[in-house]
Amino acid sequence: MKSSLRQRPVVAALLATTMIAGVQAQQAAAQQTPAPAGTLAAPAGAPAATSPTQGTVRAISVIGTQRLEPDTILSYTKLRIGQPYSQESLDQALRDLYETELFADVQIRNDNGSLTVEVKENPVINRIVLEGNKRLKEDKIRPEIKLAPRQIYTRSKVRADVARIVELYRRQGRFAATIEPKMVQLDQNRVDIVFEISEGPKSKVRQINIIGNEKFKDGELRTQMVTKQSRWFRVFSSGTSYDPDRLAYDQQKLRQFYLTEGYADFRVISAVAELTPDKQDFIITYVVEEGDRYKFGDVKVESDIRDLSGDGLTKRLPMKKGDWYNAKQVEDTVDTLSETAGLFGYAFADVSPDFNRSKEDLTMGINFRIANAPRVYVERVDINGNTLTQDKVVRREFRLAEGDAFNSFLVKRSKDRINSLGFFQEKLDVEQKPGSAPDRIVLETNVQEKSTGELSLSAGFSSLERFIVSASITQRNFRGKGQELRTSVNYSAYSKSIEVGFTEPYFMDKNIALGGDIYRRDLNSFRYLTSNTRDTTYEQSTTGFQIRAGVPITEYMSLALRYSLNFDDVTLDKATYYTDGQCDPILAGRYLCDAIGKRTTSSLGYSLIYDTRDNRIRATRGQNLTLSQDFAGLGGSVKYVRTRLQGAKYVPLGGGFIFSLSGEGGYIHSLEGERRDSTGALVDRVRLTDRFFLGEPQFRGFDIRGVGPRIVRRYYSTTVEGGVATGEQITGTNNRTDDALGGKLYYLARAEVEIPLGSGAREMGLRPSIFMDAGAVGGLKSPGLINGTGQFPGYCSATGQTTVRASGTAANPVCPVAYTSASDYAVTGGFVEQYLGDTLKPRLSVGFGVNWNSPFGPFRIDIAKALLKEPGDDNKLITFNVGTQF
């Protein structure tokens, strides 16, 4: 049998469930209907009127007990054998027993002083069951529930738990949620408590009304609020749900907006949120009073600190007399003056603005007073919360040490450097606390470590390399010393690699970084036969190692040195590209025949790095600039100088928007002498495998290697009938091949704005952006085309004859004279080559993209439109990468 507790629409009725109906009915009956002789029931209303003593208690018996001892039950009452009793004392005994919440029913029968207490004990809870909760998981609800298995069931506890669950749903904006508790009777006086939950939809904000605003339109004021009106285009926004805390925050946001516009007397008279009858939506109404608009009056700085000149600081104030009053500017000025004092070592300088408001001429005069304070020195640096990371790893990033004069700029710089380690959560701060003396300060850093080790087996799909499988182990904080150890194996249709690397950022506890890598990389380069079909051109196997070292020059500038030794082997498929044991330019192209072979590259390089970014992992402000050069030729068979320049600047635009402007460029110059192909023709001295390539993924809007010099072959079908030849270009998807040659010179520029989303989208890991890319690659020596002198590389064949190459042109191929006696000859395999794209004219693309830390792994999709391109370039609208970990 089930006993049901049903909720009502309002909270009061919600808590009055049918589980207490029995007690209420019993209490009402006791008031309205005379009880049988010898039976007393607990009154439900006011206590009964005082009645005279009826006699003396001669005996007391307790019946109906299951778990409780009779003496325990009697201990809850004041009834004792030999003491007098009255109707009032019997009523009080009933009330005392019900207040214990141990009993579902209690009766006291009186037989001339012989009292019989009959009880029905409340059941024991067997289990708690939650049903219907999808949006709010059990691990969020169960900690709020006070009822638990093996506890005594009581109606009040059930009502309290219902109220707690309702409150949890209200915090999520689900004001239409209802909870219906049910009790399932079991044997041995046990019950299951089932909370049937109807979550209902999220209560949205249907409308935001503003009354009393005359200077600004409603829409302009709504943009200042965190709460937004529910509209279809805000499907990913969490600001459309009602939150009382957010309502109070929006009032503050309105006040801040008006204060920045000069309305110093602005106030919010009232803010009311009304829930619609269906509990689906809220209508919020603000009543505001704008007041008058003020301008700045006399503004000056008075300093009691001898190192700070008040007159000098006054000249540098951002506000001037006659400007519209801006409270945000005043707050920023206070912070700036405090930081300025901190630069001189006055950590606890008190900067207070004194306002002089004139309602007559509507001006606001301000006197920024800097109170005298002692110069402060760092007493000690405390680091808390690092359980794995050694103290020295954090301390060596501090720009201040014990005994140094305090400097607020260096404190901020220390915080940025610690954040850039990537070992701790982003909510990191360096607190400034008073030391043992007025001129002493303690810098306390509270860190929260995050996982720095990664063990992953991943599989995915890339628009570049199709299916990808990789395995890697990376520990960025090896042994808690800040060392990085990594090993990885990657496999895809076009590339394979295995790599092991190690980096020690502070070698021998000196500010010198030392590291090295050992690797083997196999690359199968490909070309497009159609828009969706590729074939492998050359295969490049690289085995080598690199040794790296880095030293700081200044706080923001460092020098990195490296030495690399690579053994390369470039091969072609002999069955496809060889004739008579030699690479056939007719089949492979001269540039591929020139690329094959084994070579050794021994190179020494350096990078000069300037970096002021606040976070090297995900920067929001600052800039970085890197100049790199590599010299190949310290032994080996390859000689060149490669130079690259890279830079980026990050600017916060406010409101969570981040603008970044980045650019890079490079040039490679061969130090070798003239090189000739198998026919004796001069070729570019920089080999194909050493050149720069441009396209997806670094240049969005273009395909992989889709920008720059290339050779395009267009194929012809030609027949000879009666000695007369005709040629016709093959149409359709298989009429051309496209081979990118790369370039010796390239440049690429990007402008991007990261767009903030609501907290819900941020929790999902969504980071959209809009961008513009521009760049080009080129500077090659024009290659000799195979049909550049009129030769037509087709093939003549006839039954019983040996196949030989044709001559002539594509439109008029010529077979050997010996064939002209036959009536039908076929000329097949002909093509015409074109050299395209070797120009440094900029290519331009615009688009938008989204980074998503999805449950399947990191996902990036870009949609870009190429606005400027040159003949031969391969554009691409959509590119994406997605992977998963298991």
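Below, all heavy atoms of this structure are taken into account, side chains as well, without hydrogens, waters or symmetry copies.
- Here Arg599 does not pair with Asp569 in a salt bridge; the nearest charged N to carboxylate O distance is not below 4.0 Å.
- Atom CG of Asp568 is separated from atom CZ of Arg521 by 10.0 Å, given to the nearest 0.5 angstrom.
- Between the side chain of Arg691 and the backbone N or O of Val686, at least one donor-acceptor pair lies under 3.5 Å.
- Looking at every heavy atom in both residues, Gly778 comes nearest to Leu840 through N-CD2, 3.7 Å.
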Open item on the list: Would Thr839 and Glu870 count as a side-chain hydrogen bond (donor to acceptor under 3.5 Å, both in side chains) here? Give the steps.
Closed with: CA-CA 8 Å; Thr839 174; Glu870 295 295 322; 5.3 Å; no
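- For the residue pair Phe692 and Thr643, the shortest heavy atom distance occurs at CZ-O, 4.5 Å.
- Using modelled atom types, one side-chain atom of Glu672 and one backbone atom of Lys639 make a donor-acceptor pair closer than 3.5 Å.
- For the atom pair CZ (Arg767) and CD1 (Ile755), the distance works out to 12.5 Å, reported to the nearest 0.5 Å.
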- [ ] Could you check Tyr563 against Arg548 for side chain to side chain contact (heavy atoms under 4.5 Å, CB included), going step by step and ending with a plain yes or no?
- [x] CA-CA 7 Å; Tyr563 173 76; Arg548 308 180 308 275; over 6 Å; no
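- Put simply, the residue from Gln629, Arg562, Arg644 that forms a side-chain hydrogen bond (donor to acceptor under 3.5 Å, both in side chains) with Ser607 is Arg562.
- Taking a 6.0 Å sphere around CD of Gln582, one finds it holds 12 or fewer heavy atoms contributed by other residues, nucleotides or ligands.
- Summarising the geometry of Gly701 relative to Ser845, their closest heavy-atom pair is CA-CB, 4.3 Å, with the distance given to 0.1 Å.
- Taking 4.5 Å as the limit, some side-chain heavy atom of Arg642 sits within range of a side-chain heavy atom of Asp690.
- In this structure the side chain of Thr503 never reaches within 4.5 angstrom of the side chain of Leu514, judged on heavy atoms.
- If you take CZ on Arg613 and OG on Ser660, they are separated by 11.5 Å, rounding to the nearest 0.5 Å.
- In Leu559, the CG atom is crowded: over 12 heavy atoms of neighbouring residues, nucleotides or ligands sit closer than 6.0 Å.
- In this structure, the side chains of Thr474 and Leu485 stay at 4.5 Å or more apart for every pair of heavy atoms.
- The heavy-atom pair separating Ala866 from Phe702 by the smallest distance is CB-CZ, 3.8 Å.
- The one candidate from Arg700, Arg750, Arg843 that meets the side-chain hydrogen bond (donor to acceptor under 3.5 Å, both in side chains) condition with Asp773 is Arg700.
- Side-chain contact between Lys598 and Val570 is absent, with no heavy-atom pair separated by less than 4.5 Å.
- Looking at Tyr519 and Asn566, their side chains do bring a donor and an acceptor atom within 3.5 Å of each other.
- Pro842 is listed as a side-chain neighbour of Tyr747, based on a closest heavy-atom distance under 4.5 Å.
- In this structure, the separation between CD1 on Ile518 and CD on Glu499 is 10.0 Å, given to the nearest 0.5 Å.
- The closest donor-acceptor contact from the side chain of Thr612 to the backbone of Gln623 lies under 3.5 Å.
- A donor-acceptor pair under 3.5 Å links the side-chain atoms of Ser637 to the main chain of Thr600, judged by distance alone.
- Within the 3.5 Å criterion, the main-chain N or O of Leu572 finds no donor-acceptor partner in the side chain of Tyr578.
- For the pair Gln698 (side chain) and Phe693 (backbone), a donor-acceptor distance under 3.5 Å is present.
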Open item on the list: For Asp838 and Arg710: C-alpha separation, side-chain torsions, deciding distance, then whether salt bridge (Lys or Arg N to Asp or Glu O under 4.0 Å) applies.
Closed with: CA-CA 8 Å; Asp838 191 4; Arg710 64 195 58 249; over 6 Å; no
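- Taking CZ from Arg687 and CD1 from Ile596, the interatomic distance works out to 12.0 Å, rounded to the nearest 0.5 Å.
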Open item on the list: Does Leu625 form a side chain to side chain contact (heavy atoms under 4.5 Å, CB included) with Ile609? I'd like the steps, not just the answer.
Closed with: CA-CA 6 Å; Leu625 185 66; Ile609 305 165; over 6 Å; no
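- Listed here is the closest heavy atom pair of Tyr640 and Val638: CD2-CG1, 3.5 Å.
- Classification of Asp522 and Arg520 as a salt-bridged pair holds, one side-chain N sitting under 4.0 Å from a carboxylate O.
- The closest donor-acceptor contact from the side chain of Asn477 to the backbone of Gly482 lies under 3.5 Å.
- Nearest heavy atoms, Leu780 versus Pro709: CD1-CB, 4.0 Å.
- Looking only at side-chain heavy atoms (C-beta outward), Val846 and Leu867 come within less than 4.5 Å of each other.
- With values rounded to the nearest 0.5 angstrom, Leu627 atom CG is found 10.0 Å from Gln646 atom CD.
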- [ ] Begin with the C-alpha distance, continue with both residues' side-chain angles, and end with the deciding distance and a verdict on side chain to side chain contact (heavy atoms under 4.5 Å, CB included) for Val641 and Tyr667.
- [x] CA-CA 8 Å; Val641 178; Tyr667 178 72; over 6 Å; no
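- Side chains of Gln546 and Ser564: a donor on one and an acceptor on the other come within 3.5 Å.
- Residues Phe478 and Glu484 are not in side-chain contact: their nearest non-hydrogen atoms beyond the backbone lie 4.5 Å or more apart.
- The aromatic rings of Phe631 and Tyr606 sit parallel, their planes meeting at an angle under 30°, below the 60° perpendicular limit.
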Open item on the list: Using the rule given for side chain to side chain contact (heavy atoms under 4.5 Å, CB included), can you reason through Ile863 versus Leu877, listing the C-alpha separation, both sets of side-chain angles and the distance that settles it, and then say yes or no?
Closed with: CA-CA 6 Å; Ile863 300 176; Leu877 180 64; 4.0 Å; yes
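- Annotation: side chain of Asp862 is in contact with side chain of Phe771 (closest heavy-atom distance under 4.5 Å).
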